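Working notes, structure below.
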Amino acid sequence: MFVSFNLLIGFVVLVDTAAAAVALMAIAVFFLYLTAMIYWAIIQDTVPRNNVGTAGGFIHLISNISGIIAPTVTGYFIESTGTFNIAFFLAASLAILGSLAVVFFVKPIKTEIDAVNTNTFHN
C-alpha cells in the first residue's frame, strides 16, 4: 500500500499546477511519515537489546548523510537539465526501492507466544 503512495512523488512532475503538485507531495509525505514508527519498532524487535542505540545511531548517520548529499545532487540535476523532473523521479524510485526492501526482506518475528500456540495445536 505504501509503495503506491511513493509513486505520487514521481507523478508530481506530470501535473500542470502548483496546487496539484503540492497536494500530491502532501499526500505522499503524510503516508510516508506514518511508517516512521514501524521502522523503529522493527529495529527494536530485530536488533539485540544492547545494540538498539547503536543501530539507531547508524540509521540517523545514514539519513543525515543522505540529507547532505540529496540537495547537492538535486542542484546538479536542476543545473544540468533546468527542471526538477529527474530529482522527483529519483526520489520516487528510492522510496519505492526502500518500501520493496521492507516488504521482501523484513520477516515476521517468531515469539514465544507463536511457539506455544504452534505446539498446542500439534499435540
Side-chain angles (χ1 to χ4, degrees):
M1 177 175 147
F2 289 111
V3 173
S4 59
F5 291 112
N6 292 335
L7 289 173
L8 293 177
I9 295 172
F11 289 131
V12 167
V13 299
L14 303 176
V15 296
D16 295 328
T17 66
V22 169
L24 285 175
M25 287 296 294
I27 293 168
V29 169
F30 172 78
F31 283 102
L32 289 173
Y33 274 117
L34 286 178
T35 63
M37 287 71 62
I38 295 169
Y39 295 123
W40 286 112
I42 290 170
I43 291 168
Q44 291 181 355
D45 287 342
T46 57
V47 175
R49 179 172 280 160
N50 59 335
N51 292 333
V52 170
T54 302
F58 182 73
I59 289 171
H60 276 105
L61 169 74
I62 298 299
S63 63
N64 287 328
I65 288 173
S66 66
I68 294 168
I69 294 172
T72 305
V73 171
T74 301
Y76 173 76
F77 287 147
I78 294 168
E79 186 176 312
S80 59
T81 65
T83 180
F84 281 91
N85 292 358
I86 294 175
F88 279 115
F89 283 131
L90 179 63
S93 300
L94 290 173
I96 290 169
L97 183 66
S99 297
L100 291 174
V102 169
V103 167
F104 289 112
F105 295 115
V106 175
K107 303 295 179 203
I109 298 168
K110 303 282 186 205
T111 63
E112 292 178 24
I113 295 171
D114 292 336
V116 169
N117 289 340
T118 304
N119 290 336
T120 341
F121 292 119
H122 292 295
N123 290 333

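Note that the structure is predicted; figures quoted are calculated from it, not measured. Excluded from the calculations below are hydrogen atoms, water molecules and symmetry mates; all remaining heavy atoms, backbone and side chain alike, are included.
Listed by first and then second residue, the side chain to side chain donor-acceptor pair (under 3.5 Å) pairs involving residues 77-87 are Thr83-Asn85 (not counting sequence neighbours). Legend: side chain to side chain donor-acceptor pair (under 3.5 Å) pairs involving residues 59-75, not counting sequence neighbours: none detected.
Among all heavy-atom pairs drawn from Ala20 and Val15, the shortest one is CB-CB, 3.8 Å.
Cluster annotation: Leu34 is not connected to Ile59 through the hydrophobic network of ILVMFWY side chains, with a link wherever side-chain heavy atoms come within less than 4.5 Å. The hydrophobic clustering, which links ILVMFWY residues whose side-chain heavy atoms are closer than 4.5 Å, places Val22 and Ile27 apart.
Here Ile69 is tied into one hydrophobic group with Phe58, Leu61, Ile62, Ile65, Val73, Tyr76, Phe77, Ile86, Leu90, Leu94, each link being a pair of ILVMFWY side chains closer than 4.5 Å.
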